[in-house]
Amino acid sequence: MIDPKALRTATADVQANLARRGFDFDADAYLKLEEQRKTLQVETETLQSERNAHAKRIGQAKAKGEDIEPLLASVNTLGERLGAAEEKLKRVRQSLRDLELGLPNLLAADVPDGASEDDNVELRRWGEPPAFDFEPADHVAIGERLGLLDFDAAASMSGARFTVMRGELARLHRALIQFMLDVQTREHGYEEAYVPYLVHDTALLGTGQLPKFAADQFKTDADTPLYLIPTAEVPLTNLARDAIFKADELPQRLTAHTPCFRSEAGSHGQDTRGMIRQHQFEKVELVQLVHAEDSPAALEELTGHAETVLKRLELPYRVVTLCAGDTGFGATKTYDIEVWLPGQGKYREISSCSNYGDFQARRLKARVRSADTGKPELIHTLNGSGVAAGRALVAVLENYQLQDGGVRVPDVLQPFMGGVSRIG
RNA sequence: GGAGAGGUGGCUGAGUGGUCGAAAGCGCUCCCCUGCUAAGGGAGUAUACGUUAAUAGCGUAUCGAGGGUUCGAAUCCCUCCCUCUCCGCCA
């Protein structure tokens with residue numbers, strides 16, 4: 001959520017900022033509701049104060065054994081008036097909250113203008129796309145040729161957007177995950193966590209997937225439904241829920257390997273071939289909980305942590321700054337890392353690293369006690385993929401493919417593969 | 001799944017309808033005393049919102065969450081979430 005104070009006092013600025021995303025914030029409707037809220041709150045609190053005073057007087061009278069009938073008579077309409085005021089206030093508050101939960105985050109000042117991914121700005125490139133003296137195949141052809149990637153089997157048991165990996169390919173996938181976790185925990189100071197894959201709606205509300213993106217989530221059919229996590233960002237960031245950290249407990253760096261589940265509603269027809277867009281995929285996630293003033297630097301750092309993985313794997317990539325229109329709902333600023341895929345002849349997203357500012361922290365009540373004032377202040381949260389394992393596997397297959405149909409195993413993965421240096 | 005107990009402030013733990021945002025202890029902060037250390041004395045110590053120049057006052061809310069009863073609820077009733085004990089089942 002955006003700071004309600006900012007919504008109230010800097011309404012025009014908020015409106016202009018959100019307009020950069022192409023989001024139309026109805027400021028008049030908001031301010032009107034806010035005005036009602038104020039009036040009703042004062043009215044309600046006055047009546048509550050009156051009720052409390054009466055109740056106290058009755059209590060004192062009763063203690064002294066005095067007759068309380070006249071006092072009871074004096075409050076007989078108060079309860080009704082208070083109830084009505086409270087009811088109205090509750091409704092207005094709910095409307096305000098609904099409105100606030102639907103607002104995307106304010107963009108950082110240095111986010112470039114633009115409407116779609118075509119306007120994203122390339123920041124840097126690393127590595128050279130490999131030159132093949134044959135026509136490079138895509139990962140689907142490579143995997144099926146090896147007999148280790150089976151989309152048909154997956155489709156027969158689960159439908160579209162699932163896959164089955166077998167043998168050395170499944171092992172390579174696991175090796176990627178182990179390698180990434182080792183890099184992030186041993187070299188970058190992240191603490192590894194094992195977390196639930198099913199969470200309450202409140203957890204998704206805290207990180208911003210709900211209420212707006214309910215259609216993207218898988219949900220169990222129970223009396224109190226649970227949601228399959230779309231990313232480990234959800235359980236990891238929820239570790240900060242209701243916390244008031246001591247100043248020296250930040251920053252916190254957390255990582256977890258989890259499966260991720262996405263319904264991919266609204267992406268019919270996109271990336272239907274292969275493993276690029278699946279209902280289920282594995283990812284190593286990076287989350288940082290930091291002091292507010294440190295978050296811009298932390299974003300640069302976290303992005304670098306994801307890049308390290310690709311450098312070690314010797315996979316060519318580029319980093320782009322997402323433009324205003326392409327930046328996600330809760331982010332103030334996002335860098336996408338795109339890896340080179342020879343089979344497609346283009347760079348494709350393999351990691352998305354975002355600074356959420358206080359957007360999630362406000363929903364989660366994640367705070368830190370200020371060293372200066374001693375008062376609790378909202379922390380800033382960041383997250384990024386470090387990196388997506390399924391897509392990393394695709395990148396390895398396509399960049400390391402050999403003319404004979406085999407695939408070379410990247411040097412850094414061989415220790416995780418029992419020394420195996422090629423598949424097929 | 002069955003039976004029972006319980007969720008109170010940073011922690012332990014009192015409080016079964018009235019002046020309770022909440023005893024007491026621990027911890028923490030500040031001050032005093034003590035020639036070090038240890039011990040002792042005093043004061044303070046939740047969060048959010050509203051009002052405000054104010055992180056001063058004052059008001060409101062919060063004792064797992066949401067409803068209800070009542071002039072008045074931490075305390076009574078209902079629903080849900082969670083924890084613990086015993087039994088069953090189970091990787």
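Chain identifiers are assigned alphabetically (A, B, ...) following the order of the sequence lines, protein sequences preceding nucleic acid strands; residue numbering begins at 1 within each chain. Just so it is clear, the model here is predicted, and its values are computed rather than measured. Hydrogens, waters and symmetry mates play no part in the numbers below; they use all other heavy atoms, side chains included.
Per the geometry, CG belonging to A:Leu78 stands 14 Å off P belonging to B:U70, to the nearest Å. Between A:Leu226 atom CG and B:C82 atom C1' there is a gap of 13 Å when expressed in whole angstrom units. Computed from coordinates, the A:Glu69 CD to B:C71 P distance equals 11 Å when rounded to whole Å. Taking atom NZ on A:Lys246 and atom C1' on B:U29, their separation rounds to 14 Å, with Å as the unit. We find that CG of A:Leu205 is positioned 18 Å from P of B:C81, with the value rounded to whole Å.
Separating the C1' atom of B:U34 from that of B:A24 is a span of 28 Å, rounded to the nearest Å. On the P atoms, B:G13 is 44 Å away from B:U52, given to the nearest whole Å. Between B:G4 and B:G9, the two C1' atoms lie 29 Å apart (nearest whole Å). Taking the C1' atoms as reference points, B:G66 lies 15 Å from B:A73, given to the whole Å. Going from the C1' atom of B:G25 to that of B:C84 covers 24 Å, rounded to whole Å. For the C1' atoms, the distance from B:U45 to B:G10 is 10 Å, rounded to whole Å. Comparing the same atom, P, in B:A23 and in B:A14 gives a spacing of 15 Å after rounding to whole Å. Taking atom P in both B:U19 and B:C63, one finds a spacing of 16 Å when rounded to whole Å.
Map A:Gly79 and A:Arg369 each onto its nearest nucleotide of RNA chain B; the residue landing nearer the 5' end is A:Arg369.
For A:Phe261, there are no ring-ring contact (aromatic ring centres under 6.0 Å, His included) partners two or more places apart in sequence or in a different chain. Legend: residues meeting ring-ring contact (aromatic ring centres under 6.0 Å, His included) with A:Tyr227, ordered by chain and number and at least two apart, are absent. Scored by the ring-ring contact (aromatic ring centres under 6.0 Å, His included) test, A:Tyr190 finds A:His305 as partners (sequence neighbours excluded).
Around CG of A:Asp24, the count of heavy atoms belonging to other residues, nucleotides or ligands within 6.0 Å does not exceed 12. Within 6.0 Å of the CD atom in A:Glu293, the count of heavy atoms belonging to other residues, nucleotides or ligands exceeds 12. The environment of A:Glu191 atom CD is sparse: at most 12 non-hydrogen atoms of other residues, nucleotides or ligands sit within 6.0 angstrom.
Between A:Arg253 and A:Gln184, the side chains place no donor N or O within less than 3.5 Å of an acceptor N or O (distance only, hydrogens not considered). A donor and an acceptor atom, one from each side chain of A:His257 and A:Glu282, are located under 3.5 Å apart. Judged by distance alone, the side chains of A:Glu86 and A:Gln48 do bring a donor and an acceptor atom under 3.5 Å apart. For the 3.5 Å distance criterion, the side chains of A:Asp98 and A:Gln94 qualify, holding a donor opposite an acceptor. Under 3.5 Å, the side chains of A:Glu192 and A:Thr185 contain no donor-acceptor pair of N or O atoms.
Here the closest non-hydrogen pair linking A:Thr11 and A:Phe25 is CG2-CE2, 4.0 Å.
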Dump the pairs, protein N or O against N or O of nucleotides 17-23 of chain B, anything under 3.5 Å, distances to one decimal.
unit_1: B:G18; atom_1: O6; unit_2: A:Lys62; atom_2: NZ; d: 3.1
unit_1: B:G18; atom_1: N2; unit_2: A:Ala55; atom_2: O; d: 2.8
unit_1: B:U19; atom_1: O2; unit_2: A:Gln60; atom_2: NE2; d: 3.3

Task: nucleotides 48-69 of chain B: protein proximity per nucleotide (B base, S sugar-phosphate only, - neither; heavy atom, under 4.0 Å) - done: SSSS---S---BSS-----S--

Task: Secondary-structure string, 5' to 3', Watson-Crick or G-U under 3.5 Å, | for another-strand partners, for RNA chain B - done: ((((((((.[[[..)..(.....]]]((((((.......))))))((((((.....)))))).[[[[[..)....]]]]])))))))....

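Proximity note for A:Leu72 (side chain, C-beta onward) versus B:C71, B:U47, B:C82: the nearest is B:C71.
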